[in-house]
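Taking it in order: structure first as structure tokens, then the write-up.
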Number of protein chains: 2
Amino acid sequence: MTVPGGERASAKPQPVRPTLAVVGATGAVGRVLVDLLATRADVWGEVRLFAGPEGIGTEVQVLGRSEPVRALEPGCFEGVDIALFEAPEDVVEEWAPLAVAAGAVAVDGSSAFRLHPDVPLVVPEINPSAARMRRIGIIAAPRCATLVLTVALAALHAEFGLSQLVVTAALAASGRGRIGVDTLRRQTAEVAGDPTVGTRTGDLRRAVSEQEDDPFEAPLAYNLLPWAGDTTEDGWSSEELGLRNETRKILGLPELPISATCLRVPVVSGHSLTVHAVFEREPDVHRVREILDSSAGVIVYDDPEKGEYPTPADVVGSDPTWVGRVRRSLDEPHGLELFLCGDNLRKGAALNCVQIAELVAAEGQAG
Amino acid sequence: MTVPGGERASAKPQPVRPTLAVVGATGAVGRVLVDLLATRADVWGEVRLFAGPEGIGTEVQVLGRSEPVRALEPGCFEGVDIALFEAPEDVVEEWAPLAVAAGAVAVDGSSAFRLHPDVPLVVPEINPSAARMRRIGIIAAPRCATLVLTVALAALHAEFGLSQLVVTAALAASGRGRIGVDTLRRQTAEVAGDPTVGTRTGDLRRAVSEQEDDPFEAPLAYNLLPWAGDTTEDGWSSEELGLRNETRKILGLPELPISATCLRVPVVSGHSLTVHAVFEREPDVHRVREILDSSAGVIVYDDPEKGEYPTPADVVGSDPTWVGRVRRSLDEPHGLELFLCGDNLRKGAALNCVQIAELVAAEGQAG
């Protein structure tokens, strides 16, 4: 971090604005991130954009300027204060340490460093001070489903003491990147004119074309898949284990029992979670609503009799975690049921990384 | 075959085939039911078809014959042995007792009598003998989600002793009848050509047209709704309470703790359930698979590394409950996680009623 400076006691010091790098600026999350910058506090000086081969050479509008998208190359992080990575894990593993070596703080939106013991996993609404504990210069942001979940649960945990979670996460196509959305849109166009598809065994597989880079192993239009992420041992997916382990790390509950199932659903953007939460102390529903209503980044929208509940298509483009269907478990005095929705590309990814970068930038200003 | 010089005394008695009535023969489930009859054992004599005003006067193919669809009217059940009702609750409440008064056994696919203490709730694979305990002449079939769930769980409960369930049910559009499917198809056609819809707040609501009889309170295409059924007290939907109470009744566990959340998803047909089940005895996964593999009406399809898991679009048109994602809960030694899929119109509704009717018909033959 460049420390703004000089000892000119009389003149107001003109802080040097920090330089920001965005790696992966042309991906699904990167694009949202670059657009988001214009809506945030005006703290950044130079913004350098990087991407893989498919993005290099294009120009991207950022903070009202047109910036070229560059390739990562030795020395590219010289002078960078904060480097945001919205890139594949292998890219982050290679380049984030180089950014740190060049003097930058690296903020990683991938899963490369999330569970590294020396890397804080930060949600600014929950554990902002953890961002300072970056022993290897890297700060990680959790996956989108974890964000939607922890933003809603943190304050409830503080009041009632979380003791168990059973979660089903219905993940949108954009969680799989632009190729995920493109595949869903292509398949939807292929089935939209067929008045019978979806009613007989195998007819959906025949109705949608296969393409080599399809990210889903079954049709997603008119369907859902009980699978997201990579395989792991014992039948759990990487999405499910990631959601479990990141939630434990952010909430500081390393032993919290969590059972998660991740589905992929034919929604463009917006993750949805059903949550069965058990607490040490009995969660009064009236008090639960009060706590959620006053939590940063949370909106309660919950009156089913009036048709009021969040849906992923309604919350897309917004930042909060939306909470609906708040109700006490019928057979478990300490149990609570919730339905959560959040935009996986905004708060679920891009915004959280920008907020972390702003935290780090503010340290510099304060210091 | 003509037997020369036939001895009448030695000729096999020719049983009178029972007369079947189908009420609601032109609805989403009724149509599937009528088609199903041709694939089942040849036990029926006359088949009388009834429907509401929209279906009367049409002709429907049943068991290779063309039958007129009639209106319900006084005396219409005279001579009927078994009356199958796939009709709205109010129709069943009025006409099922009249069918019984005319001498028929009524089999009810609606929710009118499911929780009535004198009406057995029957899944032939689980509790066939309960069908004989019809104190008021009516036998009920559970809702489709309950069927998918109980068919998979009954044998596991027998071996390990079920002690808790947390379920998320993703219900297909056809669970809301033909209007549900028509609405999903119309909305899908409206959004299919739009390359941006689903990415900004409110754009999906603007993209789909509203029609007066839409059964969903938000767009279903490219979306999901955390609501199915009617409102009840305390924020639970009728689908969620029905799933809980029917599961308890069928499994004979009136105190079983069950937390259910029902979602409506943009799938034409095929309900999906994520299940977190806790047992009194530790469920060994190898043994769980053995039990499921040998259970009537259950197929295990579970090798995620090879892309093998059930999806609703793959199981539509088939009768079993498909089970995938079998895994032990990581933090709960007696916990088990499952993903279930089943065709809500076949076994989930029509087939189960036909099976119950066959049970009753077999009683007559045996007696």
Side-chain angles (χ1 to χ4, degrees), chain A residues 166 168 170 185 188-189 191-193 195 197-202 204 217-219 222-227 231 234-237 244 257-259 261 263 265-269 272 274 276 304-305 307 309-318 324-332 335 337 339, chain B residues 166 168 170 185 188-189 191-193 195 197-202 204 217-219 222-227 231 234-237 244 257-259 261 263 265-269 272 274 276 304-305 307 309-318 324-332 335 337 339:
Chain A
V166 181
T168 294
R185 289 197 194 280
T188 302
V191 301
V197 70
T199 55
R200 291 182 193 277
T201 312
L204 196 70
E217 284 154 327
Y222 281 160
N223 203 15
L224 61 81
L225 281 61
W227 188 260
T231 53
D234 298 328
W236 294 84
S237 72
R244 171 171 173 265
I258 304 182
S259 285
T261 300
L263 311 175
V265 293
V267 168
V268 177
S269 269
S272 307
T274 68
H276 171 80
E305 285 195 43
Y309 40 72
T311 78
D314 287 324
V315 312
V316 71
S318 78
R325 305 296 323 279
V326 181
R327 59 212 195 279
R328 277 281 293 280
S329 306
L330 291 168
D331 309 305
E332 211 169 354
E337 318 288 328
F339 176 77
Chain B
V166 181
T168 294
R185 291 197 193 279
T188 302
V191 301
V197 69
T199 55
R200 291 182 193 279
T201 312
L204 195 69
E217 283 153 328
Y222 281 160
N223 203 13
L224 61 82
L225 281 61
W227 189 259
T231 53
D234 298 327
W236 295 84
S237 71
R244 170 171 172 267
I258 303 183
S259 285
T261 300
L263 312 174
V265 293
V267 168
V268 177
S269 268
S272 308
T274 68
H276 171 81
E305 286 196 43
Y309 40 71
T311 77
D314 288 324
V315 312
V316 70
S318 77
R325 305 296 321 279
V326 181
R327 58 212 196 278
R328 277 280 293 280
S329 306
L330 290 168
D331 308 306
E332 210 169 355
E337 317 289 328
F339 176 77

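What you see below is based on every heavy atom in this structure, not just the backbone, and it leaves out hydrogens, waters and symmetry mates.
Using modelled atom types, no side-chain atom of A/T188 and backbone atom of B/A192 make a donor-acceptor pair closer than 3.5 Å. The closest donor-acceptor contact from the side chain of B/R185 to the backbone of A/P195 lies under 3.5 Å.
In terms of heavy-atom pairs under 4.5 angstrom with chain B, the leader among A/G307, A/S269, A/P312 is A/P312. The candidate with the highest count of non-hydrogen atom pairs below 4.5 Å against chain B, out of A/G317, A/S272, A/P266, is A/P266. Of the listed residues (A/V267, A/V191, A/D234), the greatest number of heavy-atom pairs within a distance under 4.5 Å of chain B belongs to A/V267. Note on B/G235, B/G198, B/A313, B/P226: by heavy-atom pairs under 4.5 Å with chain A, the leading option is B/P226.
To the nearest 0.5 Å, the span separating OG on B/S237 from CZ on A/R327 amounts to 7.0 Å. Between B/D314 atom CG and A/T201 atom OG1 the span is 8.5 Å, to the nearest 0.5 Å. The line from CG of B/L330 to CD1 of A/I258 is 10.0 Å long, rounded to the nearest 0.5 Å. The CH2 atom of B/W227 sits 5.0 Å away from atom CZ of A/R325, with the distance rounded to the nearest 0.5 Å. Taking OG1 from A/T311 and OH from B/Y222, the interatomic distance works out to 15.0 Å, rounded to the nearest 0.5 Å.
Both the backbone and the side chain of A/S329 have a heavy atom closer than 4.5 Å to some heavy atom of chain B. Heavy atoms closer than 4.5 Å to chain A are found in both the backbone and the side chain of B/T261. Using a 4.5 Å cut-off between heavy atoms, B/L224 contacts chain A through both its backbone and its side chain. Residue B/P219 does not touch chain A at all, counting heavy-atom pairs closer than 4.5 Å. Looking at B/R328, only its backbone comes within 4.5 Å of chain A, counting heavy atoms on both sides. The contact between B/N223 and chain A is made by backbone and side chain atoms together, counting heavy-atom distances below 4.5 Å.
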Between A/V268 and B/V197, does a side-chain contact (heavy atoms from CB on, under 4.5 Å) hold up when you go through it step by step?
CA-CA 8 Å; A/V268 177; B/V197 69; 5.8 Å; no

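Residue B/E337 comes nearest to A/S259 through the heavy atom pair OE2-OG, 2.8 Å, listed as atom of the first residue, atom of the second, then distance.
The closest side-chain donor-acceptor pair between B/E305 and A/T231, if any, does not fall under 3.5 angstrom. The closest side-chain donor-acceptor pair between B/T168 and A/T274 falls under 3.5 angstrom.
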